[in-house]
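The structure appears right after this line, and notes come after that.
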Amino acid sequence: MEHNTTFPIKKSELATLRDEASSYLKGVQWDQGMKAKNRDKNGKDESILLYLSKANGNKTTAVTSVSKSVLALKKRLLPDSVAIPLHLNEALYALQEGITLGIWLKDSYYDASGLSSLNERKSSLDGSLRREFDSKQHTATAFMIFGMACRILFDLKPKASDDLSVLKNKFAGIPEVSLLSPIKGIACLLYYYDKYLNHPEIITKDKDVIDLTVVYFEAIIAEIQLRLGSLEYTDSITDRTFKLENSEFAVSGWENVFEGSAVSVEFNKIQFEQIVGNRDAKHFARRLTERLMSYDFTTKMNPFQELGGFMPVFMGYGIPGTGKSMLIAAIATRLKEHCDNLDIPFLFHPMPDTLISTFQGGSAEKMVQWMKPLQDPSKLIFAPIDDAENNLQERTAQGVSAGVKEVIGVFLRYTEGAYAVNYGNSSIGLFTNLPEMLDKAVISRVQGRFKIDGARTIPDFVDQDFLWWNKLNDTMPDFVNMKDPKDYKYLSEQGLAKNLGEILQQAERPTEERVLAIYDQAEAKFGTDQHLFYAELYQNIQKAFPFFSSRDIRNIQSAVSLRLTDFDLPEEWFNNPEEYFKKDYTTKFGMLQELMKSNMKGLRFSDIRRQEVVRYLDNVATIADTDFKRKVDQRINDMNIQLEARKQFEQGE
């Protein structure tokens, strides 16, 4: 949902609330509810649940002091030291800052919802106003606890262990959450947090404190989100965003903010020139980086989107060993260098290998968490999916897991559907050896595609060897005692193409047999410079390849737009960002239009359109035929092995 207003959370205002937050950490009083006390009746997770529910003994009210528990933990974890263990200290600080922020959000809701004035007249409220007061108290408490948990996760999630499954298995949930009043809400929350903190099975080392805090407050968010349906008077929460001063932290309604924040993953730095062959792929990758860099942070728009030259989803495909992983690293390297140069935040956000979960709904949840950061307009984002056929496999194929279906469902919703938001600052790249195994609906989202075919020419093979033996030559001169080629300078052919025309000269007619026959038939009827030629061509292609749809035609249109915008951004724009990158959106758009016009010299729209249609349809046929060809090749190979085995057997006799 769109949030129409952003309110700043000022650090000076938080400073005045910090003492109140600290006082809660020093001590809170909580009366356990009967339900929570009797939770262990079913005998599940007895040790921890008993510990949580019986920790009071027979007392009805308990005073809990998190700060005392922290001191006790310090003695247990670092017995011979005066210092507080690092992670314990970080967790305590995050807890204090989280409570401070929660109190600020609660106060803000009190004022915005009219709860402050009801509170002043609390003793004299009649029936309906009393109900309104109680209802708003519940909402204020829920929002306070929610904001507090979001802040704690924002600070601690990046520091927590990657795998929290062991701790989650020990974790026995939260026996109760109180929304009766802000004081009761915090008291209840800290009471059970403290019980976990004191549990000897849960905290065995310093890092466990951060991991427990993350697991606990993730559970708190889940508990609050379960109760959202029962909360009233939430307009002054859902219609605004609260953003912390000088920070990326924000609370937008009830959205789980942490789902949308991600930290860049480390990658090996590789230059395009170190990749042999793959001219098409390298050219495409360079264009992608230039287009992403043109994003305008003020208007949250990209002029290339308006010109039709931007690809939110693209695909690189080719046989194993042709350089897919190197290409991912090269795109990330180029983007990172430009972003550092222009002081722009950059997120390298590859899909994790551990996305498919064995739990029902678990894969969808993980996929949503991965997709959410792509909607953050405050940075440039490159999100590659390597070996895409593993997580986005054809759903109708035999044996495809429920997890894969969940992942695809989320991918489709977030790339073109109710949730799809693309400001022109993020791009998802599918990289695969087996494009024919990808789900058809996923492939139809792909707006740009290129082949990653590795070394193909004599210079390519010479250069691939050169990159290998030259390392030996560097450390031991004259060790490689072989002659260089006469008329070739190493790596001179591995530079980047000027434009797609250089690469696509061969794409005048289809090379795939079935496509060529349909193309010739349509050409004989209309010639290629009539609009009806394409209508005829598409209709007959659809008969031959039933999965070919209107979206494929839109993808062809995108490909033509990419060609029209296939021009270099002048080198001086990168050297001096003021000349283009730092200009306002309208100026940038005008400058690109001028480049586009001058780039069209000598090119006809009809030629570009024909070339792109040929390229796309060849691609469709290749993907459709590859699976069949692979099965045939495998069968031929099996038969050859059988024949040879029989021959050798008969000779042996």
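The structure displayed is predicted, hence computed values, not measured ones.
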Indicate whether the side chain of T289 and that of R334 have a donor and an acceptor atom separated by less than 3.5 Å.
-> no
Identify the residue among L156, I203, V214 that makes a side chain to side chain contact (heavy atoms under 4.5 Å, CB included) with V209.
-> I203
Look at the aromatic rings of F431 and F382 and report parallel, tilted or perpendicular, splitting at 30° and 60°.
-> perpendicular
Do the side-chain N and O atoms of N619 and Y317 include a donor-acceptor pair separated by under 3.5 angstrom?
-> yes
May I ask you to check if R286 and F272 form a cation-pi contact, with NZ or CZ under 6.0 angstrom from the six-membered ring centre and within 45° of the axis?
-> no
Over-ring placement of K440 relative to F547, 6.0 Å and 45° cut-offs | yes
Judged by modelled atom types alone, do S558 and N555 share a side-chain donor-acceptor pair under 3.5 Å?
-> no
Name the orientation class of the two ring planes belonging to F143 and F146 (parallel below 30°, tilted from 30 to 60°, perpendicular beyond 60°).
-> parallel
Is a side-chain donor-acceptor pair under 3.5 Å present for E176 with Y192?
-> yes
Check L167, I152, L189 against Y216 for a side chain to side chain contact (heavy atoms under 4.5 Å, CB included) and give me the one that passes.
-> L189
Lys NZ or Arg CZ of R291 over F304 ring: under 6.0 Å, within 45° | yes
Quick one: do the D211 and S161 side chains pair a donor with an acceptor below 3.5 Å?
-> yes
Do R449 and F314 meet the cation-pi criteria used here (NZ or CZ under 6.0 Å from the six-membered ring centre, within 45° of the axis)?
-> no
The single option from V446, V442, I428, V410 passing side chain to side chain contact (heavy atoms under 4.5 Å, CB included) against T415 | I428
